[in-house]
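Lettering follows sequence order; numbering is per chain, from 1.
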Amino acid sequence: MWPPLSKLLERLGRLAPLRSFFSPPTGGAWVVGDARAPDALGGDTWMNFLAPDALYDACGPHSASPWLPFHAPTLFSALECTHARAPSGDPALHEIDQRLAPDRRDPILDTPEWLAPGTLAIIDLDGPRSVAYGAWLADMGGQPVCTFDNWPHGRGLLKPEQTLAALLRYAPVFQRRRADLTPDAPALWLCDRTRLLGRAPVPTDFDNRYYLDESALPGPGMMRQHGVRTLVVITDPKANALAPDLEAWLFDRHNDGFSVMHAPIDAPHLEAAPLTPHRPSFSGYSDGLHRSDAGGFGVLIPEPSSSGG
Amino acid sequence: MRAIDLPYTRGDWDALLHQVRWRYHKWDIYVAGRHTLPPEAIVLSPSEHAEVVAIAERLSRVIDVAARRVAAAPHLLAQLDIPPVLYPLLRRAAEVPLQLARYDLHPTPDGWMVPEFNEDVPGGFNEAVGIADQLRVPGYTLPNLLRRAVTDAFAPYRRVAMLFATGYSEDLQHCHIIEDWLTQAGHSAVRGSPAHLTRGWRHFTVHGGRVDAAFRYYPGEWLPRLPNLDLWLERGDRLPMLNPISALIRQSKRLYALWPELLEADDLAFIRRHTPHTRAFAPEEHLPELRDHPDRWVLKQSFGRMGDSVYIGAIMKPEDWAKLLSEAANKPQGWLVQRRFVHEPTAFSGGPRYAAVGPYVVNGRFAGYYSRAAPQPLLTHEALHVATLIEAP
């Protein structure tokens, strides 16, 4: 841009009254889903899950599961703060819905070989697809554990309301298998791959990125205690690499003696192959991804835990 | 002080926690897979409660005296490890009367001891009020004053900004419950990072909406890295805020090393009774003693929270202690040494734990409890929250 013009625009941009004149009044409002969309089973059963705790229970593990402490209530809790709540109408999810149709399912052929007790699977896709694949695998006997630890905001850098809409869309699918669920069913960790989205935030962004920490992923002792021997990570092959926080955790678990497998979603039956995680560039709080002073990432801060005391 | 199991069945306690999670927004009931809200309580006798309240309210007054003197004396301010760019703002903000603090009182053979103050961004509101609102135990009372104290503090201000580090859901949950209280009391609230504060026409704005005051759940020492630092420096004292930026003076653990220069004899005697001997870390002077007697000393940084940056020689491996001393000696500014006191364990039904009662103080007055217990004499974010009951007289 012509430098004097760019400078003028920059100066104008610093004038808050002008900025607020051109901006929405509060920036906090957000909408969940598409009011015209049905749920994944084609009906309106999703309306039974409009209370945050009802949706949380439907999309979570068995009530006696050892993994219940990792099922994060944060995003579910946001459901009470908007009246605009409906299932996701995202056309990209239709393909997964096909797999859920009774006439398309062959439980023997469809069920991935690794989906059995002793396995903990981590589905690390963008939030809505993570929920969709989680529903499909839950329908075949897995128990979901949601790690969505952020809130929507009208100016949010991430759009977790889309994940919330997907949870509403698939809640009837999760729910229909709950009667058969057992506490030792293979765990399905549902993660939002965009949690560490790399775009640099601008000052007006509400930076709602986060990373998976010790409260989101179990330690080696706990997994061994509950018979977990194999970790399967499910990703989109279009994503070039594992998310750094997840790779750090997998690297450590691989060194602890767990078998680590990788199942790309373009494999017809989610076949998994052995994976050797690389030494991570991210090692918890000592390197790289500290949260920044403005609540997101970027500038390192010395404190590893939350802001309060 | 003693501990009891609460007379709740597993089902009743789960039902209570269900409310704490969904009505009071306590999302991290579990930390690293471990439950942090057991059905247990600390019990104080009426006289112990009265003593704790008196200590907390007097601490608040004494710290106020000390903080005002520090704000007026640049050479003292320079000793607190506060970013120098904030000095002018701190001096101007010293008169703002809003305060929300918590002091964690540790039982010792010689009485209550307070190793540091939570004056900048104290936490724990969700479980403190969420449990206190619901808990009923015959024969005991439970002081539950925080909600009223906070809404009273904001009474003059209609539109309140909730300013926090937006990447932390654990900080959002604190802002969320304060926002609930304020909106139910007729205020409006808007959420944002301190970076979202802008200057409007004769008022402040956040996301384009006018705000009259702010609840700040964002450590003051992080302010210098904000992209809108200029605005904060120029006008930060004009936005009524709980807590004001001047709370940084009260928060710095280095304030402990300045008591003799700040207090009159009576207050000095009181503060010496309830705070451990503390010195700014001077490697030449302190290293030999720290190396020879790790069991006597605690090394900490000026602004850590929730047990971050607190290192107790007695519970560290010798090689870790030696490494820490070496690191601190390389960059001594920001470190302080504190004499370790004997934190008496409390007998819980599951075994001994190290408990501390945490009275809140809002604008100088006691406002309820947030008490914790841990298996080691160090309270971190993994410590258990336990309710605080007072025996009926």
Side-chain angles (χ1 to χ4, degrees), chain A residues 15-17 19-28 51-53 56 66-77 80-81 149-151 153-157 203-204 206-211 213-215 218-219 222 291-297 299 301-309, chain B residues 18 21-22 25 27-35 102 116 118 120-124 164-174 176 190-196 198-201 205 207-209 217-219 222-228 231 251 301 303-309 380-381:
Chain A
L15 296 175
R19 203 160 54 228
S20 56
F21 179 78
F22 289 114
S23 303
T26 64
D53 53 345
Y56 175 83
W67 313 124
L68 191 62
F70 297 92
H71 184 40
T74 311
L75 180 58
F76 294 92
S77 186
E80 67 175 354
C81 287
D149 195 27
N150 61 350
W151 261 50
H153 190 278
R155 299 184 186 200
L157 198 57
T204 51
F206 188 95
D207 193 347
N208 49 0
R209 293 176 294 172
Y210 63 102
Y211 54 81
D213 61 13
E214 60 176 7
S215 288
M222 188 175 188
R291 282 177 244 216
S292 81
D293 44 18
F297 298 95
V299 181
I301 56 167
E303 272 75 12
S305 70
S306 78
S307 313
Chain B
H18 185 273
R21 170 177 275 169
W22 298 110
H25 321 303
W27 301 324
D28 52 353
I29 285 175
Y30 296 93
V31 173
R34 290 184 293 275
H35 204 293
R102 198 190 70 236
E116 52 197 60
N118 293 292
D120 194 39
V121 279
F164 65 108
T166 58
Y168 289 98
S169 64
E170 57 268 48
D171 293 0
L172 169 59
Q173 72 185 9
H174 283 90
H176 195 357
V190 58
R191 291 177 196 169
S193 148
H196 294 143
T198 52
R199 183 184 162 191
W201 182 251
T205 64
H207 295 311
Y217 204 77
Y218 182 89
W222 296 359
L223 284 179
R225 296 176 186 169
L226 288 173
N228 57 346
L231 174 64
Q251 176 73 28
Q301 289 185 316
F303 287 109
R305 292 176 177 82
M306 294 294 261
D308 293 338
S309 314
T380 69
H381 67 289

Euclidean distance, A/Arg155 CZ relative to B/His196 NE2, rounded to 0.5 Å: 8.0 Å
For B/Arg191, side-chain hydrogen bond (donor to acceptor under 3.5 Å, both in side chains) partners two or more places apart: B/His176, B/Glu179
Any residue meeting side chain to side chain contact (heavy atoms under 4.5 Å, CB included) with A/Tyr56, in chain and number order, not counting sequence neighbours: A/His71, A/Pro73, A/Phe76, B/Arg21, B/Trp22
Over all atoms of both residues, closest heavy-atom pair of B/Gly33 and A/Phe70: CA-CZ, 3.6 Å
Spatial distance of atom CD (B/Glu170) from atom CG (A/Asp149) [nearest 0.5 Å]: 7.0 Å
Heavy-atom proximity to chain B below 4.5 Å, by part of A/Asp53: both
Engaged part of A/Pro218 at the chain B interface, taking heavy atoms whose separation is under 4.5 Å: neither
Side chain to side chain, A/Ser77 and B/Trp27, heavy atoms closer than 4.5 Å: yes
Heavy-atom closest contact (B/Thr166 atom, A/Asp207 atom, distance): OG1-O, 2.8 Å
Proximal component of A/Phe206, with respect to chain B [non-hydrogen, under 4.5 Å]: both
Closest approach of B/Val31 to A/Ser215 (non-hydrogen atoms, all atoms of both residues): CA-OG, 3.7 Å
Sub-4.5 Å side-chain heavy-atom contact between B/His25 and A/Glu80: yes
